[in-house]
Amino acid sequence: MAAADFLATCPEDLGIDSEKLEAVFARAKRDVDDGTLKSAQVAVARHGKLAGLRTYGTVQHGGVEREVPATDRTLYTIFSCTKAIVGAATWTVCEDGLLRIEEKVSDIIPELGTNGKENITVEQVMLHIGGFPLAPMAATEWDNRERRLSRFAQWRLNWEPGSKFEYHATSAHWVLAEIIERKTGKDFRAYVRERILDPMGLDDFYVGLPAAEGGRVADVRHLVPPTPPPGGWGEVTPDAIKTFNRPEVRAVGVPGGGGVGGAAQLAMFYQPLVNGGMTAGGTRIMKAETIEWATKVRTKEHHRDPLFNVPVNRALTVVVAGGDGNTHIRGFGKTTSARAFGHGGAGGQIGWGDPETGISVGYTTDGFVGDVLQGRRGVAISSLAAQVLA
């Protein structure tokens, strides 16, 4: 289904105030109007429908430096918002009784059981406390399973599993992708399509982009000179970000950050997850109990954000807003409920849903700007979106 097929007749049919919704759109449009960004796309959903979708500005395609209008059919690289999609697929493997989060990963993937990694559990991988945040995976290895497995064997620990939190930008989700393949016998991309995206009706959401759809994807671009974040770039270097403009990289479907979709697709992905596992059309994606189990905070008090020194509130691959006044630090603005959950992406991509209100939000852009501007934008859009109820 196309994004337009999800649109409600009017926001009020979903219990959403049109004027409040327009404030969300106006905030997204502001960055394009003032030249901060070249393009932006934003969507808000409730009750299994889109209350509204707006796209602003211009984009470039295929490495050609020519501006063309962005439309509601424009797709974007969603970077780490992908983690929630692959995570949800992993939840269904657990629901089907094929996987337990207490299992040692080395019992599932023997290749990982080297260099002190023998006792890492599936749960630790999903919480980013597995101890291998800096484990490398070269782009030349991404689409070659044998090379990936060889790399698993070479990886070494940076610290004792469980002892601390440190964001595993890509390494943890390469492991989850292999777990899905071992437990289901299917390519992880095919499993995500079959079990999550197709039942949700999200034809235009991709983990592994078909070549025929490449002309719809906005090229990523740095709009200000990149400056390294505190602690350095890690894996997410400016050059690494720009590799996602290459068709062969988009085709891989990097499980920790290579998804492609739009704001509408992000917002609609969270709708079944905040509505008991059901789509508006009555398709069950997973059990309500599975979602409640998967979105429970499992990290401990000592698992803290290294920059802001607040508890990270990690559930199984997603972040939970929490009720401690730090929701804006975790990517949810300042006005969501404590139960809201989701995962943002590099460049300021936004994706979350709130089971208390039924609201879900997607925001995508092709432009990378400084962390301060990006942070303020994310807090503002999420805060406004969380308050759109009539």
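Each residue takes its place number in the sequence, starting with 1. This is a predicted model, so every value here is computed, not measured. Only heavy atoms go into these numbers, but all of them, side chains included; no hydrogens, no water, no symmetry mates.
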For the atom pair [atom1] ([X]) and [atom2] ([Y]), what is the distance rounded to the nearest 0.5 Å?
| X | Y | atom1 | atom2 | answer |
| --- | --- | --- | --- | --- |
| T121 | I129 | OG1 | CD1 | 7.0 Å |
| D5 | K49 | CG | NZ | 8.0 Å |
| L127 | F165 | CG | CZ | 9.0 Å |
| N158 | F132 | CG | CZ | 10.0 Å |
| M126 | T299 | CE | OG1 | 13.0 Å |
| I85 | L197 | CD1 | CG | 6.0 Å |

Using 4.0 Å as the upper bound for N to carboxylate O, is an ion pair formed by [Y] and [X]?
| X | Y | result |
| --- | --- | --- |
| R27 | D31 | yes |
| E178 | R182 | yes |
| R151 | E141 | yes |
| E194 | R189 | no |
| D366 | K38 | no |
| R148 | E111 | no |

Between [X] and [Y], what is the shortest heavy-atom contact and its length?
| X | Y | result |
| --- | --- | --- |
| L37 | G367 | CD2-O, 3.7 Å |
| V318 | A84 | CG1-CB, 4.0 Å |
| I101 | R298 | CD1-NH1, 3.6 Å |
| R46 | L14 | NH1-O, 2.7 Å |
| V42 | A28 | CG1-CB, 3.8 Å |
| L266 | T364 | CD1-CG2, 3.9 Å |

Answer yes or no: does atom [atom1] of [X] have more than 12 heavy-atom neighbours from other residues, nucleotides or ligands under 6.0 Å?
| X | atom1 | answer |
| --- | --- | --- |
| E292 | CD | no |
| R73 | CZ | no |
| K20 | NZ | yes |
| E102 | CD | yes |

Those residues at least two apart in sequence (or on a different chain) that pass salt bridge (charged side-chain N to carboxylate O under 4.0 Å, His left out) with D371 are none

Verify whether one side chain among [X] and [Y] offers a donor that lies under 3.5 Å from an acceptor in the other.
| X | Y | answer |
| --- | --- | --- |
| T58 | E67 | yes |
| E118 | S106 | no |
| Q374 | R377 | no |
| D354 | T336 | no |
| S18 | E12 | yes |
| Q271 | S360 | yes |
| S382 | Y363 | no |

Looking at [Y], is its backbone amide N or carbonyl O close enough to the side chain of [X] to form a donor-acceptor pair, meaning the two atoms are under 3.5 Å apart?
| X | Y | value |
| --- | --- | --- |
| H222 | V369 | no |
| S383 | V379 | yes |
| H343 | S80 | yes |
| R284 | G276 | yes |
| H303 | K300 | yes |
| Q349 | T365 | yes |
| T82 | I78 | no |
| K83 | A169 | yes |
| N115 | W155 | yes |
| R147 | W142 | no |

Side chain to side chain, [X] and [Y], heavy atoms closer than 4.5 Å:
| X | Y | answer |
| --- | --- | --- |
| W352 | F341 | no |
| R314 | Y167 | yes |
| R145 | E181 | yes |
| I291 | M286 | yes |
| D17 | Q387 | no |
| T114 | K117 | yes |
| L202 | F6 | yes |
| I108 | L99 | yes |

Could you pull out all donor-acceptor pairs under 3.5 Å where a side-chain atom in residues 237-253 meets a protein atom, sequence neighbours excluded?
{"from": "T237", "atom 1": "OG1", "to": "A240", "atom 2": "N", "distance (Å)": "3.0"}
{"from": "T243", "atom 1": "OG1", "to": "A240", "atom 2": "O", "distance (Å)": "2.6"}
{"from": "N245", "atom 1": "OD1", "to": "V220", "atom 2": "N", "distance (Å)": "2.6"}
{"from": "N245", "atom 1": "ND2", "to": "V220", "atom 2": "O", "distance (Å)": "3.0"}
{"from": "R246", "atom 1": "NE", "to": "E248", "atom 2": "OE2", "distance (Å)": "2.9"}
{"from": "R246", "atom 1": "NH2", "to": "E248", "atom 2": "OE2", "distance (Å)": "3.2"}
{"from": "R250", "atom 1": "NE", "to": "F244", "atom 2": "O", "distance (Å)": "2.9"}
{"from": "R250", "atom 1": "NH2", "to": "D219", "atom 2": "OD1", "distance (Å)": "3.2"}

- Query: Is it true that F79 and F368 have ring centroids separated by less than 6.0 Å?
  - Reply: yes

Using the rule that two of Ile, Leu, Val, Met, Phe, Trp, Tyr join whenever any of their side-chain heavy atoms come within less than 4.5 Å, decide whether [X] and [Y] are in one cluster.
| X | Y | result |
| --- | --- | --- |
| Y191 | V260 | no |
| L209 | V254 | no |
| I196 | Y270 | yes |
| V93 | V207 | yes |
| L373 | F308 | no |

Return the orientation label for the H128 and H168 ring planes: parallel under 30°, perpendicular over 60°, tilted otherwise. perpendicular

Which of D204, T71, T74 passes side-chain hydrogen bond (donor to acceptor under 3.5 Å, both in side chains) with R216? It is D204

* Run the salt bridge (charged side-chain N to carboxylate O under 4.0 Å, His left out) check on D203 and R193 step by step: do they pass? -> CA-CA 9 Å; D203 302 345; R193 170 61 58 194; 5.1 Å; no

What do the steps show when you test T290 against E95 for side-chain hydrogen bond (donor to acceptor under 3.5 Å, both in side chains), and what is the final call?
CA-CA 6 Å; T290 300; E95 179 178 284; 2.4 Å; yes

